[in-house]
Amino acid sequence: GLAITAGCANTQPNTFTFTADLPPDFAYQAVAVYVPAKGQTCTVPGGRNTEVGYNLEWRKSYQPISEIDLYRTVSGCPLVIYRVKLEINSASGNDWGDISGDSAVVAIRDELEPRYKGAFNELDESVFYGQCQWLFRTAGSKRRIVKILDCKKTNPQGELGRGRPFSAYTLDQLSGKTVRMKIKLA
């Protein structure tokens with residue numbers, strides 16, 4: 001259903017677009033996590049339907065563009081998006097054992113200090129960056145070599161930062177906008 005936000009009639013779209021520029025044979029999975037809107041005392045029984053998944057079956061069908069709702073109402077409780085949990089996946093072979101992934105996050109809050117807030121360009125797009133590299137480990141009694149994907153955030157110039165690829169926005173920034181994750185392979 002359509003969530004009506006308090007105040008005047010809201011003509012802004014209830015969605016933002018998430019997309020990613022990834023190396024070949026990479027895909028992302030996203031899970032949008034919702035929490036009760038500010039000032040709400042309601043809860044959702046068992047937390048059901050408070051998460052919405054995108055590209056969970058990425059091996060079968062992968063959509064690089066995800067339209068993510070900002071507001072949802074579940075069990076009569078008005079919810080607001082809180083974060084988008086991202087998994088950056090790569091299949092290096094056809095075996096499930098050859099699939100490796102690492103995480104990234106888009107956080108959404110009512111308020112943020114300006115220095116933490118992602119900025120949008122004149123095309124209404126905000127980009128955050130990361131770099132993934134393959135690490136090789138031996139596993140099990142057969143000392144099988146496994147490839148592990150390790151992803152770190154970078155600045156636009158490609159200099160490595162600390163932690164996983166990450167960006168944060170306030171709720172009022174996102175309506176109708178696009179958030180793009182750009183990942184390079186080291």
Side-chain angles (χ1 to χ4, degrees), residues 1-23 26-89 101-130 151 153 156 164-183:
L2 200 62
I4 308 299
T5 51
C8 57
N10 187 359
T11 53
Q12 290 186 306
N14 181 36
T15 57
F16 74 98
T17 300
F18 178 83
T19 189
D21 297 347
L22 301 172
F26 274 63
Y28 73 84
Q29 287 174 295
V31 175
V33 180
Y34 294 84
V35 297
K38 197 174 178 176
Q40 296 291 337
T41 53
C42 55
T43 55
V44 174
R48 281 194 299 277
N49 300 327
T50 55
E51 299 194 347
V52 178
Y54 301 84
N55 288 323
L56 299 185
E57 300 280 333
W58 60 275
R59 294 294 299 263
K60 293 195 188 102
S61 69
Y62 175 63
Q63 290 292 332
I65 294 173
S66 298
E67 291 289 330
I68 299 178
D69 284 344
L70 296 169
Y71 302 93
R72 300 176 67 227
T73 298
V74 176
S75 302
C77 187
L79 304 179
V80 61
I81 190 154
Y82 186 71
R83 74 164 68 97
V84 181
K85 297 187 290 194
L86 297 159
E87 189 78 27
I88 302 163
N89 293 311
D102 205 350
S103 60
V105 171
V106 174
I108 298 116
R109 299 292 180 267
D110 285 326
E111 293 167 35
L112 281 172
E113 287 181 39
R115 63 192 171 120
Y116 295 124
K117 224 159 115 162
F120 287 85
N121 63 20
E122 63 282 353
L123 301 171
D124 283 346
E125 186 174 87
S126 179
V127 183
F128 68 103
Y129 299 85
C151 302
K153 75 176 178 201
R164 306 271 172 261
F166 175 84
S167 194
Y169 305 95
T170 53
L171 199 53
D172 59 11
Q173 282 184 287
L174 285 171
S175 174
K177 305 269 181 60
T178 297
V179 173
R180 181 183 298 271
M181 175 174 68
K182 284 194 176 191
I183 300 292

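One-based numbering along the sequence shown.
- Formation of a donor-acceptor pair under 3.5 Å by the N55 side chain with backbone atoms of Q63 is found in this model.
- The ring of Y34 has its center no closer than 6.0 angstrom to the ring center of Y71.
- Note that OG1 of T15 and CD of E67 are 4.5 Å apart. Values are rounded to the nearest 0.5 Å.
- A centroid separation of less than 6.0 Å is found between the aromatic rings of Y28 and F18.
- The side-chain hydrogen bond (donor to acceptor under 3.5 Å, both in side chains) contacts involving residues 75-84 comprise Y82-R109, where partners must be two or more places apart or lie in separate chains.
- Considering every non-hydrogen atom in both I183 and P23, the closest pair reads O-CD, 3.4 Å.
- By the 4.5 Å heavy-atom criterion applied to side chains, I81 and L171 are counted as neighbours.
- In terms of modelled atom types and a separation under 3.5 Å, the side chain of N49 and the main chain of V74 share no donor-acceptor contact.
- Between the OG1 atom of T170 and the CG atom of L112 there is a distance of 6.0 Å, given to the nearest 0.5 Å.
- The shortest side-chain heavy-atom distance between V179 and F120 falls under the 4.5 Å cut-off.
- Annotation: side chain of I88 is in contact with side chain of M181 (closest heavy-atom distance under 4.5 Å).
- In this structure, CG on L123 lies 9.0 Å from OG1 on T178, to the nearest 0.5 angstrom.
- Across every non-hydrogen atom of I68 and A32, the tightest pair is CG2-CB, 3.9 Å.
- Of all non-hydrogen atoms in C42 and P36, the two that sit nearest each other are O-CG, 3.5 Å.
- Contact annotation: the side chain of S175 approaches that of L70 to within less than 4.5 Å [non-hydrogen atoms, C-beta and beyond].
- With hydrogens and angles disregarded, a donor-acceptor distance shorter than 3.5 Å links the side chain of S126 to the backbone of A119.
- Contact check for Q29 versus N89: side-chain heavy atoms found under the 4.5 Å cut-off.
- How far CG of L86 is from CZ of F128: 5.5 Å, rounded to the nearest 0.5 Å.
- Between D69 and V52 there is no side-chain heavy-atom pair separated by less than 4.5 Å.
- At distances below 3.5 Å, not a single donor-acceptor pair connects side-chain atoms of T19 with backbone N or O atoms of R180.
- The backbone N or O of G118 sits less than 3.5 Å from a side-chain atom of Q173, completing a donor-acceptor pair.
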(request) Determine, stepwise, if the pair K85 / V33 fulfils side chain to side chain contact (heavy atoms under 4.5 Å, CB included). (result) CA-CA 8 Å; K85 297 187 290 194; V33 180; 3.8 Å; yes
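- With values rounded to the nearest 0.5 angstrom, I108 atom CD1 is found 12.0 Å from D172 atom CG.
- If you take CG on D124 and CG on L174, they are separated by 11.0 Å, rounding to the nearest 0.5 Å.
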